[in-house]
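Working notes, beginning with the structure itself.
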Amino acid sequence: MIPVVSHLRQWVLLALFVFAGLGLTACGPAEPVTESAPPDMRRLTEEQYRNIIADVFGTTITVSGRFDPLVRTEGLLAVGAWSTSVSSAGLMQYEEIARSVAAQVLNETNRPLFAPCQTSDDTAFDEPCARQFLAKVGRVLFRRPLTDEEVSARVSFARRAADSLGHFYDGLSFSLTSLLVDPEFLFITDFTEPDPDQRDATRLTAFSKAARLSFLLWNTTPDDALLIAAENGDLHSMDRLSRHVDRMMASPRLNNGVRAFFSDMLEFNKFDVLEKDSIIYPAFGTAAVRDAREQTLRTITDHLVTRNGDYRDLFTTRKTFMSRPLGMVYQVRVKAPENVWEPFEFPADDPRAGIQAQLSFLALNSHPGRSSPTLRGKAIRNMLLCQRVPDPPADVDFSEFNDPNSPSKTARDRLSAHATNAACAGCHRITDPIGLALENFDGSGQFRAVENGAHIDTSGDLDGILFADGAGLGQALHDNPATTSCLVNRIYAYASGQSLSSRNEWMAYLEEGFAADGYSITALLKRIASSTTFYAVAPADTSEQEFDLAANTSPVE
Amino acid sequence: MVFNSRHLPLQRFLVSFIFASFFVVAGPIQAGVAEKKTLGFVVTDWNTAMYETLFMDECPEGPTPGNYEIWEASVTPEVRRSYPLMLFTKLRHINNRGRNGVNVCDDPVSFDDPPLKIVEGKYAYGIDLDGNADGTATPKTCEHKNFTSLNGAPGIDNQMYRLMGCVEAWKSYGHIENNANSHRLSSGLGMILIEVTNVDDTANDDSVQVGFYRGIGSYNLDSSGKVLPYASYGIDHEDGLPRYGDIVSGKIVDGVLKTDSADVHLPFFGNYQYMNQVFRDMQLHMELPLDGKPVTGSVAGYYGVDQFYSYVRGMLSTFPNRHKFSCPSIYVAAHQLADGHPDPETGDCTTLSSAFKFDAVAAFINHPEQEERIAGSGQTSP
Amino acid sequence: MGIRYPYPTSRRALLRGVLAGSAITVGVPFLDSLLNSSGTALAVGTPLPVRFGTWFWGLGHTPGHGVDAKAATGSGIGFKGETQALATHRDIINYFGKFNAPLDGRSNYPHATGWIASRTGTAPDKQDDVPAPTYDLLIADKIGTRNRFKTIDLSCTGNPRHSYSARSTYNRNAAEVSPAAFYGRLFGPEFVDPNKAEFTPDPRTMVRQSVLSAVKDDRQKLMRQVGVSDRAQLDEYFTSLRELETQLEVQLQKPAPNKACLVIDPPQDDGVQGNETGVEITRVEASHKSFARILAMAVACNQTSVFNVVFSDSNSSLRRAGESVTHHSLSHEERMDPELGLQQQTSWFNTRSMDALAVFIGTLSSIREGDGTLLDNMLLLAGSETSFAKNHSVDDIPFMTVGKAGGRIKTGLHINGNGDPVTRVGLTAMQVMGVSIDSWGSRSLQTSKSVNDILA
């Protein structure tokens, strides 16, 4: 049986020389000497796959199909991707998607755009055209130039397929399909080479460095400039590499990277299956659900990227963006026309402040027909503070607390019953006082002052800090040291697949730097992307005895 | 006091002045002064107020016959058989049964159709519009029969109900007004917006202003087709001035808004007919909710006979015979029953006293070039 | 790891054959002449294929309101209360009671441990850990490789993650959620009607196969470049690749005709509103009904030999429109009715789940195949993840087999497990389906004891 691949990787101590005076980070302490992990590989996420297809072939190419799910690990799907392979059913889907993409790319409308030359006779095989097309596309999809041999193999495959199908572009299309189902495309692999500057040391190839950087900052495949830099060897010079970091940080595509990270961290994949009862929450329809997700992502990129704001202020900011469908749930005037977003600021006395008081968070962490202080409290602990809330015990009889004749009207009344049961109280004590502060917002996130006719008490506490309402909770999150250390941990795990303890020296360095940079995410990203640690690898165990290279050869060829 | 923005330059000026003054009253520069609230509503349902009894006691002669029945009764079986078999063609012929193929609605006085069956009941919705309990003629009204309100108040003027109350298709279960409502909801046409401004106290305020606008865009519906509250709607305007936009004064008494009598223009769409309706001496009553739930309201006023007939005529020419009334009977009866606004020359009344009911939900009304105006429904906005 | 599949001929040879313009067309005589006189086997001697499926529902039964307890194994299943709808099908069902899931002190992760232990033979050490492959995949490895789809996974809740089929924690099968999309994949251009007299291998299928072959050619090079842990990841990929190759291979051969196979109409009311699916019970039921109809044809047309249907998730998020609580919340929060001895609303959902199973069984048994029905040539294993949701008990989880598995099993029996590990049920199912296995499971769930009572 195939062993389960653990996300916990074996650590190897690798001494790194810290290059002093490179000026790679804005300010703060120098990068410490630290350990690095062996090279690894991760499966493309669905979003990365879609981004690449859109980048390479344009947004008119549709990618429709079902992707094997990733398993959320250490709070992130991106970390799970480092352990995930492709199931049989999943590969079948990849193959179907690949054929569909290839057919669209080379259909009569699109082929003039993508195929670099035109054949006069579609039945004749135009070798230079095929070669040029496959070399060009292969380079972007594989994130490295294909060798002449590889290109020739793809070209000759295209020729055989074209001969068999009687059409040049059909052959080319199947050759493109072969690139799209190739593990070199589907997996982002750390390829390594001996480090010429250090005996017995290993370094990532320039192309693997380019991929790390590009997927971190833009969540897509390296662009042409980055690939050229890799070809030139520029990425092995930290100085020249940092220039690329600057270039990429300045690009509007940085928003895509930041959105991808926060979509993952805030578990926005749950939006795909979010269900709210349309009778109980009539205003929270399809358009509002779609816009709720977009609203939070816009708030985040506006605050963190456009304004280069303090990450902690994300939990207190009243600035956001509004659309017509959201206006009905928030019950506010929206002046912008349909399908247009407008900047919006909640008044200073409004209970809404921070992204935890936006519809996305409130609705995702609720039941289909009612709010849940417990789910919300748990989400804040897990997602925003990186604290683990234990699963509920298996054998608790909740119905003891749900007497239909009970006078309980509000969630607080109902949950207070848990406090009387020792088995429940332990966990509910760490979730409910947080979640109850958001009880002014129902299961769809709409404001309410009363529940079942009773006034809602939104007081609560977070780790000893008392507050009166959701805005107070936001301030407590803002001030909680776990908020920023969690973010640093998550972002580095997102970047590298490694979830490190805060006691780790490198994490401590990043956290100090984050504070010194005024909790700027862009500065943090830059610090990571410009560090030696981010690109460092320990030598891989490539011993062949553990692996029978001959085992899987085709029985017929 | 009433201003209609489409009329005189002076009125345009005055409207502009009022708009400008809102900036001052409602704008942020008034910090420190108790904030004036604005309440917006979008009308979701609009119906003629019909008092209907279970066994149609209000119509002792039964429902009024349709064009088809009138024709059928007026011709011999031989003539009947001579008409085309195809139903639609046949109906068209019946519709054009006048001399030389004249349409029944085009020249209603040239037919001698039986008189319309009208309401003979005692009770009706509506209000005493003319202040005259016995229905005798006054300088402003023609002689007419008054109704009694359901709670016993005398002098209720509602000749529109008397006219249409025995037309089955017009009743609450009939298709005419139901169709019109669903056409509005699906098209967004004829959307009426009501905006109450200058509100200090939503329970009792002796001086507020009420504006009537046409909304543009679609209604915001939930998945079951109901209009959602708290949506934002733009208003139909030209050069920054609303095409509709009459503003009348009123007051709030125990949570019920009442406007002073004034002429008001309201948009209309239904049964594929568009109208710029004029309600003369209109008064609006409407409860003001505090929870975003749908509200009901009513308007009473005088409705022009010609305006009403043009609606009926347009409807009947679009769908011959479907509507179970005939133009000639309606035309004649409408003129006979008209009780308001006598023509200064002929002395014949030109309007019908009437009452309508409507449903509405809270909405935000976006005015052109009104960026500074404070957002907020003034009701449940947190 | 190498699994060798004998190829009847070289793909490239086939490809060259097509290239030469010699498309293979196979004329077929009347279908009936292909079946033997009893209709149980193809005339050439190949028996009708036996298929395997699972049907999952969340939250089990209310104790005492599902099936009459029996002191000993015997014939006659006492369906009642929540399972009343199954009574009409009692002759083709076996009910397994009193089979337990001993956890050896491991945590009982609510709504996870039950399905993981019973489907993988190993209790998880972490929430959502899948420590071993689920049995449907082991069966598919045995019988599913010669079909167009190795397995078909369907979720009636609209959530593709509601799937209880996994190779490992990180290798899970996503479920199809839309009946219309499922229909499209099944009966799309690549569908080959087995009853069509003419058969021409699709040259595109050959080229598709060659695509995979070309990818595989780079395997060794790639394997050498990566570390040991990555090789395992890649190895799973290449295993999947080989399986897909084999599935394509099958499509290049003339399929065995089967009168039961019909190209049915696309789904109309399939529980999907616009693009939305969901957990509102009537939508789930509509979706399930549509899925059942299409799946029956996927099986009859030999497009798959293994399927997994999830009616509701293990945390059953089923709900009624306008109600604020889900089936799962109700199971914990609803008060026991002291007179009836059950939670009324929870029990209502349990009952609807079993009603749905009855619909599923009815759909499969309505398809005539040979001289019986589809179910005669199938082993359907229906089960839940808990016996009593209120306290998450993983002992006495209800399991049933439905169908006769091609005459390999007896039916109509109530089996009393007397507290034996639930893995006995899975082991027996695998053995019936031809998996060469004599022992399965780990720690206290390890067993080598088949449920011989049901074996024919």
Side-chain angles (χ1 to χ4, degrees), chain A residues 2-5 38-41 66 68-69 71 80 83-92 95 157 160-161 163-165 174 177-178 181-184 189 191 273 275 277 279-280 367-370 391-392 394-395 397-399 402-404 540-543 546-547 549 551-552 554-556, chain C residues 1-2 4 7 10 15 18-19 108-110 127 150-151 158-161 167-174 203 207 211 214-216 219-220 222-223 225-238 240-241 243-244 278-279 319 321-324 326 332-336 390-392:
Chain A
I2 294 154
V4 174
V5 183
D40 208 340
M41 64 191 286
R66 192 158 37 85
D68 270 1
V71 177
S83 305
T84 303
S85 192
V86 176
S87 73
S88 164
L91 186 65
M92 197 168 181
E95 197 256 354
F157 179 86
R160 289 203 310 275
D163 286 352
S164 141
L165 300 171
F174 274 104
T177 303
S178 80
V181 296
D182 198 288
E184 279 216 58
T189 308
F191 291 112
V273 291
E275 180 157 322
D277 191 293
I279 299 168
I280 300 173
H367 298 294
R370 64 173 172 180
D391 296 307
D395 53 353
D397 186 352
F398 299 83
S399 56
N402 285 275
D403 183 348
D541 176 5
T542 52
S543 52
E546 287 194 41
F547 171 68
L549 281 172
N552 280 287
S554 165
V556 285
Chain C
M1 285 298 303
R4 285 161 194 274
Y7 288 97
S10 153
L15 204 55
V18 176
L19 170 66
N108 176 2
Y109 300 103
Q127 179 93 30
K150 188 175 176 187
T151 64
N159 189 333
R161 285 178 177 248
R167 187 72 62 182
S168 66
T169 305
Y170 289 101
N171 186 335
R172 298 184 181 218
N173 283 340
V207 175
V211 164
V215 171
K216 206 171 58 182
R219 176 174 173 279
Q220 293 188 25
L222 192 56
M223 282 291 195
Q225 287 177 301
V226 301
V228 171
S229 69
D230 295 343
R231 285 180 191 161
Q233 242 166 308
L234 274 179
D235 213 34
E236 286 190 47
Y237 168 89
F238 282 109
S240 301
L241 189 87
E243 285 174 4
L244 187 52
V279 292
R319 59 183 191 83
E323 296 286 337
S324 65
T326 61
H332 293 305
E333 299 176 357
E334 190 186 0
R335 209 171 173 73
M336 288 295 269
K390 192 170 157 71
N391 60 14
H392 299 123

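In what follows, every heavy atom counts, from backbone to side chain, and hydrogens, waters and symmetry copies are set aside. By convention in this document, chain letters (A, B, ...) are assigned in the order of the sequence lines, proteins followed by strands, and residues within each chain are numbered from 1.
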Enter the distance from [X]:[atom1] to [Y]:[atom2] here, rounded to the nearest 0.5 Å.
X: A:Leu91; Y: C:Glu236; atom1: CG; atom2: CD; answer: 12.0 Å
X: A:Glu184; Y: C:Leu234; atom1: CD; atom2: CG; answer: 9.5 Å
X: C:Tyr237; Y: A:Asp182; atom1: OH; atom2: CG; answer: 5.5 Å
X: C:Arg172; Y: A:Ser87; atom1: CZ; atom2: OG; answer: 11.5 Å

Okay, side chain of [X], backbone of [Y]: is any donor-acceptor separation there less than 3.5 Å?
X: A:Ser83; Y: C:Tyr170; value: no
X: C:Ser240; Y: A:Ser88; value: yes
X: A:Arg66; Y: C:Ala174; value: yes

Of the non-hydrogen atoms in A:Ile279 and C:Gly322, which two are nearest, and what is the gap between them?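 Minimum heavy-atom separation between A:Ile279 and C:Gly322: CD1-N, 3.7 Å.
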
For C:Asp230 against A:Pro39, the heavy-atom pair lying closest together: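 So the minimum-distance heavy-atom pair works out to OD2-O, 3.7 Å.
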
Please flag which part of A:Leu165 lies under 4.5 Å from any non-hydrogen atom of chain C: side chain, backbone, both or neither.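 For A:Leu165, the contact with chain C is made by the side chain alone.
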
Can you say whether A:Phe191 sits under 4.5 Å from chain C via the side chain, the backbone, both, or neither, judging by heavy atoms?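 For A:Phe191, the contact with chain C is made by the side chain alone.
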
Would you indicate whether the side-chain heavy atoms of C:Arg319 and A:Glu275 approach each other to under 4.5 Å?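 Yes - at least one pair of side-chain heavy atoms lies under 4.5 Å apart.
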
Would you sort out whether A:Glu95 and C:Val211 count as a side-chain contact (heavy atoms from CB on, under 4.5 Å), showing the intermediate values? CA-CA 10 Å; A:Glu95 197 256 354; C:Val211 164; 5.8 Å; no

With A:Ile280 via side chain to side chain contact (heavy atoms under 4.5 Å, CB included) - residues at least two apart: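 Here the qualifying residues are A:Asp277, C:Ser324.
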
Among A:Asp68, A:Val273, A:Thr189, single out the residue with the greatest number of heavy-atom pairs under 4.5 Å to chain C.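 Most heavy-atom pairs within the cutoff with chain C belong to A:Val273.
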
If you count heavy-atom pairs under 4.5 Å with chain C, which of A:Pro183, A:Ser178, A:Gly80, A:Gly90 comes out on top?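 Among A:Pro183, A:Ser178, A:Gly80, A:Gly90, the one with the most close pairs to chain C is A:Pro183.
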
Before you tell me yes or no, could you show the steps for A:Asp40 and C:Gln233 under side-chain contact (heavy atoms from CB on, under 4.5 Å), namely the whole-Å CA-CA distance, both residues' side-chain angles and the distance that decides it to 0.1 Å? CA-CA 10 Å; A:Asp40 208 340; C:Gln233 242 166 308; 4.1 Å; yes

